[in-house]
Protein chains: 2
Amino acid sequence: MSTPLDKALLKRNEGLSVNTSSEQFGGRDSLTRRISDDIRRRILVKEWAPGEKIHSESELSTTYKVSRVTVRTALKTLEYQGLVDIRHGSGTYVNDFGRAIPTGLNELRSMSETISELGYEPGMEYKIADVRPATDLEREKLQLDAPELVLYLERAVLADGKAVAFSYDTINISSLPEQVVEEMKRGSVFASLDTINSRPIRALAEVDAVIDKNIGWGSQRPNDDLFLLLQQVHYAGDGEPLMYSRTYFMKGRFQFLILRTR
Amino acid sequence: MSTPLDKALLKRNEGLSVNTSSEQFGGRDSLTRRISDDIRRRILVKEWAPGEKIHSESELSTTYKVSRVTVRTALKTLEYQGLVDIRHGSGTYVNDFGRAIPTGLNELRSMSETISELGYEPGMEYKIADVRPATDLEREKLQLDAPELVLYLERAVLADGKAVAFSYDTINISSLPEQVVEEMKRGSVFASLDTINSRPIRALAEVDAVIDKNIGWGSQRPNDDLFLLLQQVHYAGDGEPLMYSRTYFMKGRFQFLILRTR
DNA sequence: TAGTCAATAGTTGTCCTACAACTAGTGGAT
DNA sequence: ATCCACTAGTTGTAGGACAACTATTGACTA
């Protein structure tokens with residue numbers, strides 16, 4: 001399965017966590033991607049303090065045993081994500097984002113991943129997990145012709161046991177093995193999709209403010225019926241719609257921080 | 001003022017709009033930045049149709065008379081912004097974003113710029129434009145010690161004459177010439193800041209849903225008091241806070257589309 | 001002493017060339 | 001009609017070189 005270069009690189013870089021992370025994801029990620037992910041990880045575990053200058057591109061390129069081009073591209077990615085600031089002639093500095101990490105809506109991450117990066121313990125509370133025929137709206141969003149079956153989930157998203165959002169998800173199961181569907185009724189949707197190598201690689205999302213008294217449940221539900229709605233459709237690598245998802249965030253429980261740059 | 005290389009590049013690339021745009025902004029932008037801006041422009045004016053493959057990196061590098069590295073970096077930027085999809089071994093394709101351009105909250109653009117890119121005629125309707133002492137909140141956000149004077153603006157943001165948002169802005173004028181302040185009371189804040197070379201280069205923004213019956217005015221104001229709030233502080237290159245800004249978007253008038261990728 | 005300025009080492013930006021890895025199509029063999 | 005090797009074209013990575021910029025040092029000057 002592996003190509004010659006892959007093997008060579010794995011050999012050259014053995015012992016570095018870049019590969020571990022790649023293998024962990026069953027990874028066919030590019031080298032740049034792996035380096036970028038690893039430096040991101042090192043920043044988030046505070047290997048460098050905010051405001052501090054990280055290693056130079058040359059230094060990183062020798063320690064990672066990759067070319068400077070690769071390191072530069074990786075750093076550019078992190079700069080775009082708002083994690084670092086690259087200054088011509090000076091160096092690359094870790095940005096100072098108080099306690100909160102810029103959520104980076106542009107990067108496709110699962111809620112659990114994001115919550116975990118923010119330093120909380122992620123969790124999910126299932127209310128509904130049913131296989132049922134798709135509604136008209138769902139058929140349109142998921143580009144289904146016939147009235148096919150979909151997996152419908154209603155869940156509360158937890159951070160350290162506290163509900164921060166309510167999530168309504170519809171998953172296109174037309175090309176999924178039954179066992180995977182059963183898995184999704186309990187565990188992480190993204191993880192399940194990953195096992196059969198059809199992890200979503202992009203999503204078209206829309207942000208909106210809504211008042212809706214039919215959303216949410218339980219005692220933690222806001223009584224002004226006010227939510228920040230993130231509505232999105234996830235797509236697989238071949239462009240196939242995988243999931244139509246509406247996440248209703250409760251005010252004050254989750255901070256949508258965005259670092260905007262020129 | 002210009003360095004030798006700048007002159008050489010200007011000479012080599014003369015006739016290309018990359019320089020025009022740079023000069024227009026009094027530009028000290030990097031070469032990559034100029035190329036990226038120009039390709040972005042060409043995509044937005046539909047030089048290539050959505051889904052279509054644009055010129056190869058080699059081809060672009062020869063027409064722009066820059067190295068392939070520079071073109072690659074520029075294209076990477078556009079990929080982050082969600083405008084193109086770069087496929088290994090195949091080419092770079094223009095993404096298909098219906099009528100709406102992914103607003104790209106990560107890129108720092110003025111409202112007028114964004115509206116203009118979306119194909120509407122931008123406008124501003126002034127309600128208040130006053131110089132007055134800063135409030136406690138404003139002093140905190142703008143990191144002002146003494147009770148200094150600030151420029152306070154209340155405006156309606158227009159697209160094709162229709163109000164899409166209400167904007168409440170506080171500008172730090174402690175280091176601005178009086179004439180520039182006068183300009184801002186009527187024209188674009190960003191353009192005025194640009195004339196004295198202190199254009200903001202980054203902003204820390206927070207998105208939230210709010211109900212507030214004190215926001216907005218006029219007949220177009222929503223009667224459910226519901227807004228999507230974009231609250232942000234703009235910073236200059238030296239880290240100095242320039243402006244504290246709250247923009248209240250009206251539901252349905254402005255689409256916050258985000259293309260999320262892995 | 002305080003301030004200015006030239007020199008310098010270190011870092012990012014751009015260039016060039018070369019090759020690896022991948023994609024999509026072509027055309028022949030079965 | 002199907003499969004498969006081949007090929008041309010494209011993006012990904014490598015390595016070395018120099019330009020441009022930054023921050024610091026230290027000599028010089030007022």
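Quick caveat: nothing in here was measured; it's all calculated off a predicted structure. By convention in this document, chain letters (A, B, ...) are assigned in the order of the sequence lines, proteins followed by strands, and residues within each chain are numbered from 1.
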* Would you mind reading off the distance between A/Leu60 atom CG and D/dA14 atom P, rounded to a whole angstrom? => 14 Å
* Asked: Listed by chain and number, what are the salt bridge (charged side-chain N to carboxylate O under 4.0 Å, His left out) partners of B/Glu182, not counting sequence neighbours?
  -> B/Lys185, B/Arg186
* Mind checking what makes ring-ring contact (aromatic ring centres under 6.0 Å, His included) contact with A/Phe190, not counting sequence neighbours? -> A/His234
* Could you check which of D/dT11, D/dA14, C/dC15 has an atom nearest any side-chain atom of B/Thr70? => C/dC15
* Asked: Would you say B/Ser67 reaches C/dC15's phosphate, i.e. side-chain N/O to OP1/OP2 under 4.0 Å?
  -> yes
* Structure fact -> Contacts satisfying ring-ring contact (aromatic ring centres under 6.0 Å, His included) that involve residues 36-57 of chain A (not counting sequence neighbours) are A/Trp48-A/His55
* To do: Let me know which of A/Arg33, A/Arg41, A/Arg34 forms a side-chain hydrogen bond (donor to acceptor under 3.5 Å, both in side chains) with A/Asp37.
  => A/Arg33
Please enumerate all protein N or O atoms sitting under 3.5 Å from an N or O of nucleotides 22-24 of chain D, with distances to 0.1 Å.
residue, atom, partner, partner atom, Å
D/dT22, O4', A/Gly89, O, 3.3

* Structure fact -> Taken to the nearest whole Å, CG/B/Leu31 to P/C/dC15 is 5 Å
* Of all the choices, C/dC15, C/dT12, D/dT13, which nucleotide is nearest to the side chain of B/Arg72 once you look at every atom? -> D/dT13
* Not counting sequence neighbours, which residues clear salt bridge (charged side-chain N to carboxylate O under 4.0 Å, His left out) with B/Lys76? List them please. => B/Glu79
* To do: Return the value, rounded to whole Å, for the distance between atom CD of A/Glu79 and atom P of C/dT12.
  => 11 Å
* Structure fact -> A/Arg68 CZ to D/dG12 P, in whole Å, measures 19 Å
* Asked: Looking at B/Thr92, does any N or O in its side chain come under 4.0 Å of the phosphate oxygens OP1/OP2 on D/dT11?
  -> yes
* **Whichever of A/Gly91 and B/Val69 has its nearest DNA chain C nucleotide further upstream toward 5'** => A/Gly91
* Could you give the CG-to-C1' distance, from A/Leu75 to C/dT11, as a whole number of Å? -> 12 Å
* **Value in whole Å for how far the P atom of C/dC15 lies from CD of B/Glu57** => 14 Å
* **Between C1' of C/dT14 and OH of B/Tyr64, the distance in whole Å** => 17 Å
* More than 12 heavy atoms of other residues, nucleotides or ligands under 6.0 Å from OH of B/Tyr235: is that the case? -> yes
* To do: Sequence neighbours left out, what passes ring-ring contact (aromatic ring centres under 6.0 Å, His included) with B/Tyr80? Give chain and number order.
  => A/Tyr80
* Protein-nucleotide distance (B/Lys53, atom NZ; D/dT11, atom P), rounded to Å -> 7 Å
* Asked: So, is A/Ser58 near the phosphate of C/dG10, with a side-chain N or O under 4.0 Å from OP1 or OP2?
  -> no
